[in-house]
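So you know, we letter chains A, B, ... as the sequences are listed, proteins then strands, and number each from 1. Keep in mind the model is a prediction, meaning the values are calculated, not measured. No hydrogens, no waters, no symmetry mates; every other heavy atom, side chains included, goes into these values.
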Amino acid sequence: MNDTLKIEKKWQKYWEDNKTFKAETGSEKKPYYILVEFPYPSGAGLHVGHVRSYTAQDALARMMRLQGYNVLYPMGYDAFGAPAEEYAIKTHQHPKKVVEQNIKVFGNQMKSLGFSFDWDRAFSTTDPEYYKWTQWQFIQFFKHGMAYKAETKVNWCPKCKMVLSNEDAAGGVCERCGSEVEQREKSQWMLKMASYSEDLLKGLDDTNFADRVKLGQINWIGKSSGVEMDVEIVGGGKFSIFTTCIETVYGITFFVIAPDGKLINELMPRVENKDEVMAYIKETSLKSAMDRTELNKGKSGVLVKGIKAINPINGQEVPIFLGDFVLGDYGTGAVMAVPAHDQRDYEYAKEHNLDIVQVIEGDISTKAFEKQDYLGKGTKLMNSEEFTGMTVEEAKEAITNKLEDMGIARRVNNYKMRDWVFGRQRFWGEPIPMINCPECGWVPVPDSDLPVLLPDVTEYEPTDTGESPLAKIEEFVNCKCPVCGHDAKRETDTMPQWAGSSWYFLRFMDPHNKEEFASMDAMKYWNKVDWYNGGMEHTARHLLYARFWVQFLYNIGLVPNKEMIWTRVSHGMVLGADNVKMSKSKGNVINPDDIVNEFGADTLRVYEMFMGDYQMDAPWSTDSLRGCRRFLDKVIRLKDKVNDEDGFTKDLELLQNKTIMKVEYDMTHLGYNTAISSLMILANKYDELDTITKKDYNLLLVLLNPFAPHITEELNEQIGYRPICEGTWPVYDEAKTVELTKEVAVQVNGKVRATITITIDDDEESMKEKALDCENVVKHIEGKEIVKVIVIKGKIVNIVVK
RNA sequence: GCGAGUAUGGCGGAAUUGGCAGACGCGCUAGACUUAGGAUCUAGUGUCCCAGACGUGCAGGUUCAACUCCUGUUACUCGCACCA
């Protein structure tokens, strides 16, 4: 083992032995909760990307502890999920074993990097003591009518043999394996997430998420405000449509209804071309989500013969079409078609030779004149009876009012967000704690019987039928109804991986509680996650699920705040040296263990903080890493300059105060790279001197400690100081961060011609005088007329001449 | 298609409020020390027609002053994608 590693091990042991980073619930100190997304412990081990965010948060945690905060910086494992299960199947072991091994590897790796986690609070989502509470919370969802079983069309991945959520199947492709997703009917547990759409939107006001994170949430929820309008069918019956553009109601030339919606089935007896319609419905149901949402394909559809609808605003009879671009589960599953002002309807009308009626002034000769073309521009209506001549905005309001007065329309909001498909036909997940009794129906497992444990079996391969592997294990399935005692069967689906990560941050507040998932007292003490960091890829889904989960718990009185996460920030990826995502197949993967062994954990930590803008992707560079090692070597060498004098070196005072201020500011503003650069500047300054005091040296070490905790502790000990981790953060004197004299530029017509040295007392007038004294300035203004002189105190002089 | 983000030397990146563009690091050049150098130290390093001029994707604009603000535009990245 080399010296660097010996030193690192020494201090890691010191922190462990002294429980240096233990977070005390209820402590008098001000609590501060710093969270990083806990990893999925894959077989590949820790990624250098993990190191980036864990180090950033670690640095913040270490600084804030020295500043007197009671910092909670926990770590755990999100270990349910398909990869572990697949690997276990391949190697014929229980996934539990695979996960145990991986967790051990991850734990050792993280410890070798010196992260200041409170390891006493660590857990895995796969621990029965943890998933007991995940199951218990599911039962609360059920008891409050928020969980239900429904026959739904689900996204089915034929390769993974499992059902996927809409989010997992985004784009019609399996998130995990990339296979094309099929549609299957399946009875599924669902959580009523859609009913929280508005709350999840409003809740964002109670957070301090980065703008791009908030936006991601808003886009997923996908709110649109519009009007729902009833439409009569000739010869009886009616249906509703949803539109955001009611101002175009006079332009309706047909309606389109969803082939997978309920409406067409109701109308079927009166349909004249049943065969054609049925065939189209069948055709649609066979299409995968991908085919159906594929752009640049013809607008398919069939005319529903024998049925006409009446445009309620003017009584006009128009045809009804079946078209697969209308989705059965969004809005009302039916739309009004206004080809003049909606490009999709325009194309549909062209394809099927339908009328186009223009109702808003604009050019529709080659394409539709759509809302983005006319909104907010004072554009006027035409062909719209009494509304003709009104602006679009006025008409929107007036037409809605009229339809409301007629009693056939309502203002409504629609949301893209759907209910959460909560079942997975997988072995390696939390069993859904429900029992199906022929007498009583679905009954939750009593609290006293929780957790419902995963059986210790070796056969758990997914089935081709789509049933969970648990269904084949009789001793698991067969049970008694807890209500009536009748023979009953357990639910065999398990929960999605998102379940465990939806509330883990609450458990960290009180991880050993045997009575509750976390006590209200503990949660009130820590209050919220103050600073949550994770990948951009999780800012939509994980964060939304977690917020939904928390809001539900809040509504039933189990957590103290409606939002339990205050600030959310996200980091950029660490790319390979070739500037593309690291992957085995590209052979550009950097293993953090190798770097720690060769250069030390401190070097890796400093490098990953220095490599670039924290929020942006950055390519790996071993050369730059070496540069960081050289910086630490320089810090080590500076020890030879330490003298026995008391206090600080006077000449360093200004820079020292400025550096403290900068490091502090940067660390709380994601400016880790500039914090390190300011420390390099300070070290360079020390290096210019022949000798520095112990206090000078100690100051540098303390400021650098959050980034390079091992070597700084070691050097600090060598000059005879008490451990940094038991000390305090330096306080800067603001008055001493301002230079008494400095150089400022003098411009003539905006071009720098000279610099002058000014003191803090120099006012505008004296700056001007000094500027006009400069030889080079005189040269450039000679023979010209001075129009004016702009002087910004302490910053710049600009002389404008003609 | 919609939404968001990004664009600065050979490279990663700085520039907190409009105020000397290129901090800091890498790389490179020359030199010192050295058996040696992937160590250390010194000097240099945006471009060019070098007393000066030009330079932050491109074209305009506002301003005494623009990487920063405004208008338009291009390229790339990410997210969503027939959402009525």
Assign B:G9 to syn or anti; the rule is syn for a glycosidic angle within 90° of 0 and anti otherwise.
syn

Can you tell me whether the side chain of A:Asn798 and the base of B:C64 have a donor-acceptor pair closer than 3.5 Å?
yes

Is the A:Phe321 ring parallel, tilted or perpendicular to the A:Phe254 ring (thresholds 30°, 60°)?
perpendicular

What interatomic distance, in whole Å, is found between C1' of B:A66 and the corresponding atom of B:G60?
14 Å

Take nucleotides 36-47 of chain B nucleotide by nucleotide from the 5' end and write B, S or -, depending on whether a protein heavy atom sits under 4.0 Å from the base, only from the sugar-phosphate, or from neither.
--BSSS------

Between B:C2 and B:C82, how far is it from one C1' atom to the other, in whole Å?
12 Å

Quick check on B:C80: syn or anti? Syn means the glycosidic torsion is within 90 degrees of zero.
anti

Nucleotide of B:C20, B:C83, B:G19 approaching A:Ala745 most closely (side-chain heavy atoms):
B:C20

Regarding A:Lys416, tell me which of base, sugar-phosphate or nothing describes its non-hydrogen contacts under 4.0 Å with the strands shown.
base

Within-4.5 Å side-chain heavy-atom neighbours: A:Glu608 and A:Leu604
yes

Would you indicate which nucleotide in B:G25, B:G19, B:A84 comes nearest to any side-chain atom of A:Phe610?
B:G25

May I ask you to evaluate whether A:Asn579 reaches the phosphate of B:U77, defined as a side-chain N or O under 4.0 Å from OP1 or OP2?
no

Any base atoms under 4.0 Å from A:Gly627, or only sugar-phosphate, or nothing? Heavy atoms, all strands.
sugar-phosphate

For B:A84, take OP1 and OP2 only and decide whether either is under 4.0 Å from a side-chain N or O of A:Ser224.
yes

Just checking A:Tyr665: base, sugar-phosphate only, or nothing, at a heavy-atom cut-off of under 4.0 Å?
base

Where the side chain of A:Val326 is concerned, which of B:U6, B:A84, B:G3 is the nearest nucleotide?
B:A84

Listed nucleotide nearest any side-chain atom of A:Thr244, set B:A84, B:C20, B:G13:
B:A84

Sticking with atom P, work out how far B:A15 lies from B:C54, rounded to a whole angstrom.
27 Å

Within less than 4.0 Å of OP1 or OP2 of B:C83, is there a side-chain N or O belonging to A:Tyr415?
no

Give the nucleotide from the list B:C54, B:G12, B:C83 with an atom nearest to the side chain of A:Pro619.
B:G12

Just the dot-bracket of RNA chain B, please: which string comes out with Watson-Crick or G-U pairs under 3.5 Å, [ ] for crossing, | for another strand?
(((((((..(((......[....)))((((((.......))))))(((...)))..(((((..]....))))))))))))....

Which of these nucleotides, B:C20, B:G25, B:A23, is closest to any side-chain atom of A:Ser677?
B:A23

Please tell me which of the listed nucleotides, B:G19, B:A84, B:G13, lies nearest to the side chain of A:Asp613?
B:G13

Using the C1' atom as the point on both nucleotides, what is the distance between B:U47 and B:U8, in whole Å?
14 Å

Kindly say if A:Asn673 contacts the phosphate of B:A14, meaning a side-chain N or O under 4.0 Å from OP1 or OP2.
yes

